[in-house]
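Written out below as C-alpha cells is the structure these notes cover.
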Amino acid sequence: MILGDLLGRAVHDSDGVKLGRVADARFVVDGAPQQLMAEARLLGLVVSPHSVSSFLGYERTGVTQPWPLPRMLRWRHRGSFLVMWEDIAVMGESVRLREGFTAYSPELVGGPE
Amino acid sequence: METRPGNTRTSKRTLLLAVCFAGTAFLTGCGGVTDTVSTAVEDSASAIATARLALGQESAGKLTTAAAATALEDSLRELQTSRDSVVRLSPSTPEDRQVRQEALAVLEGCTAGLNTARDSVAGNDGAPSAEDGKQALDEAAGRLSELKTKVGAQ
Amino acid sequence: MKLVPVPPIAGRTLDAQLHLLDRQALDNDGVPVTTVDDLELSGPEPGTEIPEGTPAPVITALLTGPVLGTRIFGGRPPSSRLIRIPWKDVADVGVVIKLGVSGDSLDADWVERWIRDKIIARIPGGRHDPR
Amino acid sequence: MKRILGVALGILTAIGGFVDIGDLVTNAVVGSRFGMSLVWVVAVGVVGICLFANMSGRVAAASGRATFEVIRERLGPRAGLANLSASFLINLMTVTAEIGGVALALQLASSVHYLLWIPVAALAVWLVVWRVKFSIMENVTGLLGLTLIVFAVALFLLKPDWGNLAGQALAPAVPDEETASSYWYYAIALFGAAMTPYEVFFFSSGAVEEGWSIKDLIQSRINVLVGFPLGGVLSVAIAGCAAVVLLPAGIAVTSLSQVILPVAEGAGKLGLAFVLIGLVAATFGAALETTLSSGYTLAQFFGWSWGKFRRPAQAARFHLSMIITLLIGIAVLSTGVDPVLITEYSVVFSAIALPLTYLPILIVANDPQYMGKHVNGRPVNVLAMIYLVIILAASLAAIPLMIVTGAGS
C-alpha cells in the first residue's frame, strides 16, 4: 500500500459519520531490528476535521514562536486527534474506524531526536 | 503554509493575472498628447544635460574619452526613444498636431547637436572642435527649455 | 470529544509529513541522492476489511521519482515509475535521512549519472577536485 | 594575527559583496530624482538584511540545511514549487541584470559596445564558478569591490553642502516634481535592492559550502553586522554623489554611464579608474553569486547533490543548471533589451518575492527539531515579526505602485 493514497482520505466512524481527513500517519521505530534501523511500524493516523494536510505540525508540538503563526495554524487544525492502528477497520477509498474507537491527543511525545 | 483546496487558489491566481494584464495595458496606453510630449521633453533635457556634463568633464581632462563616448551614446539612445514616443503620437486636434510638430523639430535639432558633440569627442581629424560640440548642446538645451515652458503652459 | 493522552511508547515516533516526506536523503558518504516523495507500506490491501489483531504494517521502502507534477495536480504516478529505496538501507532519520549505501548503487540517481557522464565529465576540469 | 586578518577579510568581503548592479543603479536613480530623501529606506533595508542573513546563517550552521531545502521540507511540495518558480525567475532576472552590468562597466572602460562584452562576461563567470575555489572567489571580488569607496571619496571632494544633504535625509519629503506614488515605488525598489533574496540563498548555501558550525557563527555575525552596514554607507554615498551632481543638473539616471559622472566630477580620471574597477568587480562578484544562487535554488529544492566544494562531476545537475541559466541570460541580453531597465525591474520583483523566502526561514529558525537550542531568541523574534510586516507591506504595495507610476517613469 502507498501512503500517498491514504493521506487526505475521508475518515468515518463505524456508523459512517465523517470525522475529518487523514492529515498524517505516525510510525514508531520499534519493529524487528534490521541491519541499520529497526522497522517503522504504523502506530496510527492523525485525523484533522478542518484542514487537509499539515506540514508544520504546530498542533502536535508545543512550539509557540514565531508568535502569531503557530497559534493561527493550531486553530486551523483544531480538533485533530490520533487514532490507533487497532481501531482502524478499513483503509481504502476512505477510512472507516471500528466501533468505540479511542481518540488520542496528537501530541508528539517521543520526538525524532 | 497549508495548501488550501484548489478552487480558491485558482480564483486568486486569475485575479492576480487580471491585475497584471490591466497594468500592462495601462502602462503602454499613452496619456494625452501633451503628457507624452512633456515627458519626452523632460527625458531629452536630461539626456542633453548628461551630454553637456560629460563633454565638459572630457575637455577638462576629468573623464576618459571612452567613458565620454559611452555617455554621449547613451544620451543619444535616450533622445531617440523620446523622439520615437512623440513620432508614435496621432493627435486629433490641430493644436496637438502643432505641438507635436514643434516638438519633433526641436528634438531633431537636439539629435543634430548631440551628433556634433559625439564627433567632437571622437576627435578624428576634420571633426568639430570641443567648443563647437559644447555650443551645439547649449543651443539644443535652450530650445528644449523654451519648448518645455510652452508645453508646460498648455 | 475528550482527547486521551497518548500512552508512553518505546522507541522514536516519526510523523510522515513532519519527519519523512520531502526530506533529503544522503548516501553513506553524505552525497545528496534524492528527496523522499512517498512511502510504501507492507499494509493491508486497500479497501479490504482488516480483521482484529492483525499486526500493524511497516514501512518497506522510501519512494522517490517524478511525483512533483502529480502532487501538485493530484493523482499519483503509476507505482512502476516510482523508484524504491528499501527501508533496510535507511541508517538514520534526523534532519536528513542517512542511507547506509553508496549513491551509485541506487537507481534513484540515474539522471545525475547520465548528465555526469554525458555532459559534465566531458568538459575539461569536470573531475577536478576543488579542495 | 591570522585571526584578525580573517576577521578583516570577512568584513571587507561583506562590504565589497554588498553592492551590486541593483544597488548601484537604484541608489543613483533615487539620488538623481529624490536627493537624500530616501536614505532612510537604505537603513531599514540594511537592518533587515543583517537580521535575515544572520537567521539563515544560523539555520545553515545549526541544521546544515540551506534555504531551499528548508522551504521544500517545511512548505510541502505545492507551496514550495510556487515559491521556487517565483524565486528562480527573479534570480534569473538578476543574473541577466548582473551580466549586463559587467558588460556596461567594461564598455565604459573600453568603449567597445556592451553587446560584445556579454558573451565574454558570461564565459568568465562560468569559468570562475567551474574552477575557482569558493573562498578565493569571494575574497577577490569582495576586495576589488571595495574600490567603490571612491564614491564616498568623490562625495567629500565635491565639498557638498553637508547641512542640506543631512536635512534632506533626516526630514524626508517628496520633491515637488515627483509624485508620492513614485516616491514610494522607489522606496520599495531601494528596499528590494538592499534586501535581495539571492544574497540570502548565497549566504546560507555558503555556510554549508564552507562547513560552518555553530562556533563559526561569531565570525559570520561580525562580517554581517560590520560589513553590511558599511556596504549600506557605500550605497548612500552613491545616492549622495547623484544628489549633489546629477539632481541640480536635471539629469535623471537611466544608464550606467551617468552613475559614474559624479565621481569623474569630484575625483577626475584617477577616481574614474577606481570606480570602473569597482563597477566591474561588484557586478562580476554579484553575477557569480546570482549564478550560484540559481544553481543552489534548483539543486536544493529537487534534492540534487550540489556545492562548489564537490567535484563538478559529483554535482552534475547543479553545474548544468548554472550553465543553462547563463545561456538564458546571454539570450535575453542579446535581444538588446536595456540591462539597466532589467535591473530596475529585478529589484522591485525581489521586494515582491521576499516574503516567499523570509517566512520559511523565520519558521525554521524557531523549530527545535532543526535548530536544537539555537532557536531564535525573543528579541530576534520580535524584530523578525516587525520585519515580516514591513516585507509583506512592501511586497503587496509593489505591483499596484508599479502600475500607477508606470514603473517609476
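Atom set for the values below is all heavy atoms of this structure, side chains included, hydrogens, waters and symmetry mates excluded. Letters A, B, ... are given to chains in the order of the sequence lines, protein chains preceding strands, and every chain is numbered from 1.
In this structure, Arg100(B) has no side-chain hydrogen bond (donor to acceptor under 3.5 Å, both in side chains) partners at least two apart in sequence or on a different chain. When the side-chain hydrogen bond (donor to acceptor under 3.5 Å, both in side chains) test is applied to Ser85(D), no partner is found at least two apart in sequence or on another chain.
If you measure heavy-atom distances from Ile251(D) to chain B, the contacts under 4.5 Å come from both the backbone and the side chain. Interface remark: Val253(D) contributes no atoms to any contact with chain B (heavy atom separation under 4.5 Å). Within the 4.5 angstrom heavy-atom criterion, only side-chain atoms of Leu246(D), from C-beta onward, approach chain B. Looking at Ala109(D), only its backbone comes within 4.5 Å of chain B, counting heavy atoms on both sides.
Of all residues in residues 254-263 of chain D, those placing a non-hydrogen atom less than 4.5 angstrom from a non-hydrogen atom of chain B are Thr254(D), Ser255(D), Ser257(D), Gln258(D), Ile260(D), Leu261(D). Identified by a heavy-atom distance below 4.5 Å to chain D, the contributing residues of residues 63-78 of chain B are Leu63(B), Thr64(B), Ala66(B), Ala67(B), Thr70(B), Ala71(B), Glu73(B), Asp74(B), Arg77(B), Glu78(B), in residue-number order.
Within 6.0 Å of OH in Tyr183(D) there are more than 12 heavy atoms belonging to other residues, nucleotides or ligands.
When all heavy atoms of Ala252(D) and Ser46(B) are compared, the pair lying nearest together is N-OG, 3.1 Å.
Side chain of Lys62(B) to backbone of Ala264(D): no donor-acceptor contact under 3.5 angstrom is found.
Here the straight-line distance linking atom CD of Gln57(B) with atom NZ of Lys269(D) works out to 11.5 Å at 0.5 Å rounding.
The candidate with the highest count of non-hydrogen atom pairs below 4.5 Å against chain D, out of Ala54(B), Gly61(B), Gly56(B), is Gly61(B).
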